[in-house]
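Okay, structure first, notes after.
Please read all numbers here as calculations on a predicted model, not as lab measurements. Both backbone and side-chain heavy atoms feed into the values below; hydrogens, waters and symmetry mates do not.
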Amino acid sequence: MPHRKAIATAALLLTALVAFVLFFDANRLRGPLEANLSRRLGRPVTAGPMSLKLFPLSLRVANVTIGQPAGFVSQNPFLQAKEVFVAFALLPLLRGEVDVLDIELQSPAVELLRNPAGAWNYTSTSAGQGDTIPAWSIRDGSLALIDPQSPSPRSVYDHIDARWSANRRLEAKARLETLRTNASADALYENGRAQGSLTLQADGAPQPFTVAFDLELSSPTWRARQLTAKLGALTVAVAGTITSSQLELTAKTEKAPVGDVLQLAAIFGGKLPPDLKVNGLLSADLAISGTTTHPLLNGRLEATQSEFSSKELAAPVRASALRVAMTPTTLTAEPFTLETGGAKLLARATIRDYSGKDPLVEASLRTDGASVEELLAMASAYGLRPPGVTGSGSVSLDLRINNSVYSGSGSLRGVTLAAPALPKPLQLAQASVKFAADSLILDNAQFAIGSTHGRGSFTLQSFTRPKLTFQASVDQINPAEWQTAGPPSAAPPLTAHGTLTAGRVLFANLPLEDVKATIAFANRQLTLQPFTARLFGGQHSGAATVDLGKSPATLTLDSKFQNIEAAQLLAAASPGRSFVSGPLSGRMQITLSPRAGEPPARSLNGNVELLMANGKLTGVQMLNEMAIAGKLLGFLKRRETFTEIVQFRGTFRLANGVANTSDLALNFGSGQLTGEGAIGLADQTLNLRLTTLLGREAAAPARAGGLGAVLGAILAGPQGQIVIPTTLTGTFAQPRLAPDASRTGAAGLLDRFQRKK
C-alpha cells in the first residue's frame, strides 16, 4: 500500500511537471532573466525567443547579446550567441523568478577589448553587484582579442571549448590555427588568485610548451607568485607584477639548451629548417620593467658553444660566445664571430634607446672573401634567409652602421643570385661596393641576367623603400623574359631611374638597335623617355611604356620614324609575304600586347601616319591590273611584276589589328590612285575601294583601240585621262582587283579623286 501511494505521488508530480512545461510561457521570463544577468555581469544583456526544456530542466534562449561595459566603445558586443541554455532553480521559477545556476553557450563570439586607458572589458564590474554566474560553458566558440596598443591590434581564435565550474575551476582548449598549435588551460580561481597551467602543443613538435602559474589579481594588477615556463630541458622562472600597461618582472634561466629555445621560437611562428639540429647553452638573468608595449631590460644574456647543422647546410654553422649586456637604455653585444666552412663573419652591435620609436644602432660587420652560399647558410641557421634565394661567389665586406648611417666598402667576385623575384639568375662577374648614408653603391659592375649582359654603376637608396638610380650599357634586352618575374608580397616596392644604352631590344619581333633611353620604373611600369633607336635601317625617336604588371605585357609607343624598311616591318608584324618595300616614314601612336600563338599585329591599336617615296608594290603591275579591270582595248601589257611607288601617303586608325583609312593616295608615275577601306594586318585581308586616274600617256594606247564601257564606269576625263573605279579584296598573297559597278560618272569620280588627292 505505501508503495502504491509513493508511485501515485511520483506519477502525479511528473504529470504536473510535464503539464507545467507544456503550458508554461517561457517568454514571460525574458525580462527577469535579462535583469538577473545584467545585474550579475555589470553590462546590458538582451535575449530573444525563449522555450522551456525538461531534461535537463533549462531555458533555451535564442539570440543572446551581452553588451560592452561602461567605458568601452565597439561596433560589436562583448558576446553574442545564437543559442544559449540556462539552468535555473525550480522553486524560484514557480514564483516567476529566474535564479541562474549554469549557462551553456553554443558557438558564441566573444570580443575582448582594451580601451585607451589600458583596461580590458572582461575585468569591468562597474555596474555589477559583485556576484557571478556559478557555472558556465562554451562549445565551439570564437574569441577576438583587440588591443590598439599592440603591433597586431586584432587577433582571432576559433574552436574554443571552455568550462567554468561552480568550484571556480576553468578548463579550456582552443585551436590557434595561425600558429598551427593546440592550446589548453586548467586553472582554479578563488579570492583573486589563479593557479594552474597552460599547454601549447605545436603540430609536429616533439614536446609541448607548458607554463605553470600562481597569480594574484588585485585589479588592475596581476602578481606572479610563481610562473615557470618549460620546453624540454629549457626552464624559465618569472616573478613580479603586471598591470594593464606596466611591467615589473624578473626572468631567469641557466644553461638552457639553445635547441629548445629555437623550438619555442618555432611555436610562435619562426621559420627554421625542419631538420635543423642545434647545440649550445643559453643563460639569462633579466629584470623587465617599463610598459607592455615598450619593455625595458636590465641584466645579461649569454649563449655559448652554439652550433647549427642540417641537410641544407653544407657544413655546420658555429658561433663564438655571444654576450649581451642590457640596461634600460642600451643593448650591447660584445664582438662575436660566425663561421661555416671557410667563411667567417665578425660582428658587434650596440642599440641605444631600444624601446623608443627611433632606436639608435651602432654596429659593424666584416668578412673577407666569404662564400655567398655559406653566408646564406648562416642566415638560414637563424631563420633569416629570404625564401627561395640561392647563390654562389665571394663577398668581401667592411660595413659600419652609426645611427642608421651606413659606411664602408667591399667587393663582389663571381656572384650568382637566384630568387623568385628574378626571371633568371643575376650574375655579377665583379663589382666594387660602397656604403654611404642610406645608400648601397655598386661601381664598375659587370653583370648578366638571362640573355642580357652589361656593365654599369648602381646606387640603391633606402632599404625600406628602395630607390635605384643607374647608368648602364647592355648588349641586348628581351622584355618577355621579365614577364615571369613576380616580387614576393612582402618585398618593399622598388622604384628606379637612370640611363641605358642597349645594342638590341627585341619586343614582339621588332628588333630595336642602338637603343638610347632615359628609363623610369615604378609599380611594374617601365617608361623610356626620351627613347631613340634604329629599326629596320631607319631611325626612331619618341617615348615608350611597357606595362609588366599585365599578362601579356603591353607596349605603348609614341614614335616618329624615318626611312624604316616597310617589307621588314610588315614581315615582323604579320606572317606571310610582304607586298610593299621601300623607305617608310611617319608617326605612330599605338599600343601592342601580343598573346602567345597569335600574330603580334592582332593586338595593334592606335593611329598611324605613313609616307613613302621611291618604293615598290611587289607582285603586282598596277597598269596591267587596271587595263584588265577596265577592259581597255589596245593596251599593251607591261612585263614588269611590280609597280614603282613615286609617292605614297595615308593615315590609318588601328583597332585590334585592322587598319581603316579614308585618305589613301598613291602616285605610281603613269597614274594616280586614291582609296578607302580596311586592311587586316593580322589575317592579311584586303577590303578597299580604289579610284585610279591614268594619265594621257598611259591612256593613249587604250584610246587607239577604243574604250570599254563596262557598267558605264570607265570614262574619259576632260584632259584625256581615264578614270577607273575598282575594289581590292582578297589577301596580301592573292589580291582580287575588280571593277566597281556601284560608282559611275566621270565627272563625279574625277571630282572625288581630286578632293582625295
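- Each of L338, V395, T340 was checked for a side chain to side chain contact (heavy atoms under 4.5 Å, CB included) with L375, and the lone residue meeting it is V395.
- Side-chain N/O atoms of N182 and Q201 include no donor and acceptor closer than 3.5 Å.
- Checked against a 6.0 Å centroid threshold, the rings of F531 and H540 count as neighbours.
- Considering OG of S457 and CG of L442, their distance stands at 9.0 Å, rounded to 0.5 Å.
- A salt bridge links R352 with E362: the distance from a Lys NZ or Arg NE/NH1/NH2 to an Asp or Glu carboxylate oxygen falls below 4.0 Å.
- Summarising the geometry of L428 relative to A445, their closest heavy-atom pair is CD2-CB, 4.3 Å, with the distance given to 0.1 Å.
- Among pairs with a residue in residues 277-288, those fulfilling side chain to side chain donor-acceptor pair (under 3.5 Å) read E254-S283, at least two apart in sequence or across chains.
- Remark: the T518 side chain and the T499 side chain contain no N/O donor-acceptor pair separated by less than 3.5 Å.
- You'll find the side chain of S289 stays beyond 4.5 Å of the side chain of L247, heavy atoms only.
- Across all non-hydrogen atoms, the minimal contact from Q525 to T545 is OE1-CG2, 3.6 Å.
- The two atoms that bring L231 and D260 nearest to each other are CD2-O, 3.2 Å, heavy atoms only.
- By the 6.0 Å contact criterion, CZ on R180 is open, its count of non-hydrogen atoms from other residues, nucleotides or ligands being 12 or less.
- Nearest approach of V238 to A251, heavy atoms of both residues: CG2-CB, 4.2 Å.
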For this session: Could you go through the side-chain hydrogen bond (donor to acceptor under 3.5 Å, both in side chains) check for S473 and T501 one step at a time?
Result: CA-CA 5 Å; S473 175; T501 62; 3.1 Å; yes
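- K516 and D514 are not joined by a salt bridge, as no carboxylate oxygen comes within less than 4.0 angstrom of a charged side-chain nitrogen.
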